[in-house]
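Here is the structure we will look at.
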Number of protein chains: 2
Amino acid sequence: MPLSKERVLGAAVALADAQGVEGLSMRKLAQELGVVPMALYKHVANKDELLDAMVDVVVGEIDPPAGGTDWKTAMRRRVLSARGALLRHPWTSRVMESRASPTPAVLAYMDSMIGMFRAGGFSIDLTHHAMHAMGSRLLGFSQELFDETADVGPGMDAETLRELAGAFPHITELVVAITHDQASVVGVGCDDQFEFEFALDLMLDGLERLRDRA
Amino acid sequence: MPLSKERVLGAAVALADAQGVEGLSMRKLAQELGVVPMALYKHVANKDELLDAMVDVVVGEIDPPAGGTDWKTAMRRRVLSARGALLRHPWTSRVMESRASPTPAVLAYMDSMIGMFRAGGFSIDLTHHAMHAMGSRLLGFSQELFDETADVGPGMDAETLRELAGAFPHITELVVAITHDQASVVGVGCDDQFEFEFALDLMLDGLERLRDRA
DNA sequence: TTGACAGGTATACGGCGTACACCTAGGCTA
DNA sequence: TAGCCTAGGTGTACGCCGTATACCTGTCAA
């Protein structure tokens, strides 16, 4: 089977899924395809263009807007669909952020999101603010700067734990509370999906209130 | 003047401020300091540690919590102070996101933020949700996935503009509205500071309402 | 005086993206 | 059918990167 842009993209996405985007190099990708590195350049202009195209693959997995419902549930559904795509390809958010300007596919997604607000009766100005306020959540991710439970685990002795508790009392209190909530569940950690939806609804409810006040 | 961790860090921050974090290499940094690359390794273990230390420099610029006010204005002030630091060193957010785990300084900042919620009468659970919901905004940035006015400017002919309007009608409408709002100002673009505070207040107000309901 | 050590240096390795020249097979035109 | 064009894979090489390793030199304590 000869090379093609589709084959290259597919292998690139798979490789990034498997190894993370830091592990994706033109050379490894070529090897994966049984080909010499420079062969890739007959199908993509350079690595940056490859990354852009990979983002578009993921954005293409987001469901189209649902019809026949109010703006809020339609938007909610679409955002959660985007989140699904981003969870399947966790490298995407990082790549998207590092890119200088958005790809047409991302622009089209944003455009249709704006349209959903407008159809929901939002003024242009409020729509504008809403887009900013939603920020990355529109694409189904909110960068989590730290996973509070990742660093606390079985691999830590009581001494270190006590030190941590002294240095960061509030974090400790919080982690303890979370962990107790679900003591029976294997693998401590909070319910990311719940947290995401919590913040999403907080945002959507607040925006709705602002719209109705005007 | 001999090398020192402080001199290395200072030069690294300055270089990243000037060239962006992509332009920061151990070799360029060494050259900036008039020294051979390997000399740096007597003061930092490796580039990752250097990046972590650079983040801590910026986090150190964030004002301590303001006393003598209610939780909301105290938190608002602190977040805006963080935003100031991040705006002075725009590379910081990207570096922070790319790091595997947060530095102690970042943890300490988060810890004190949690403390501010708790002092404001938030339950542990609501505090937890609040921290997730605030996400990166806690550190004064919300990743802007696209700057809607960056791509539309004097360097674009009427033909391209019409094409864009056809492909992305809602974005176009929005950009036009924004640009008209401030026709007299040089350099189109929305007021980022306003947008940030809008979203921040939306969040804080929503959280307060939840707290009072409980 | 000696010896340890802190701190700057020289060299080298493997990995990266990619420019450039080359080859080769398939298909189109004359 | 002869000639050539071109799409697509190859080989080599360049300059950049982070950093391991060995080395040198000046300072200071014993």
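It should be emphasised that the depicted structure is a prediction, and the values quoted were computed from it without experimental measurement. The sequence lines fix the lettering, A, B, ..., with proteins before strands; numbering per chain opens at 1.
- Paired with Leu138(B) under the rule side-chain contact (heavy atoms from CB on, under 4.5 Å), one option of Arg78(B), Met113(B), Met203(B) passes, and it is Met113(B).
- Taken residue by residue, residues 3-18 of chain A places no heavy atom nearer than 4.0 Å to DNA chain C.
- If you take NZ of Lys47(B) and P of dC17(D), they are 8 Å apart, rounded to a whole angstrom.
- In this structure, Leu50(B) places its CG atom 14 Å from C1' of dT19(D), rounding to the nearest Å.
- Here the side chain of Arg76(A) pairs no donor or acceptor atom with the backbone of Asp201(A) at under 3.5 angstrom.
- Two residues, Lys28(A) and Ala45(A), neighbour DNA chain C, and the one matched to the more 5' nucleotide by heavy-atom proximity is Lys28(A).
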Check against salt bridge (Lys or Arg N to Asp or Glu O under 4.0 Å), Lys5(B) and Glu49(B)
CA-CA 11 Å; Lys5(B) 183 144 185 176; Glu49(B) 198 202 82; 3.5 Å; yes

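- Distances shorter than 4.0 Å separate some side-chain N or O of His43(B) from OP1 or OP2 on dG8(C).
- For Phe117(A) and His170(B), the ring centers are positioned 6.0 Å apart or more.
- In summary, Arg83(A) and Glu197(A) do not engage in a salt bridge, as defined by a charged side-chain N under 4.0 Å from a carboxylate O.
- For Ser25(A), whose side chain is taken as the heavy atoms from C-beta onward, the closest listed nucleotide among dG17(C), dT18(C), dG18(D) is dG17(C).
- His129(A) and Phe198(B) have tilted rings, their planes meeting at an angle from 30° to 60° on a 0 to 90° scale.
- Residue Asn46(A) contributes atom CG, which lies 11 Å from atom P of dG17(C) at whole-angstrom precision.
- Looking only at distances, no side-chain donor or acceptor of Ser81(B) sits under 3.5 Å from a matching main-chain atom of Arg77(B).
- To the nearest angstrom, C1' of dC16(D) lies 13 Å from CD of Gln31(B).
- With rounding to whole Å, Glu49(B) atom CD is found 15 Å from dG18(D) atom P.
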Hey, what are the protein-to-nucleotides 10-14 of chain D N/O distances that come in under 3.5 Å?
| from | atom 1 | to | atom 2 | distance (Å) |
| --- | --- | --- | --- | --- |
| dT10(D) | OP2 | Val36(A) | N | 3.1 |

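- For Tyr41(B), the ring-ring contact (aromatic ring centres under 6.0 Å, His included) test picks out no residue, with sequence neighbours left out.
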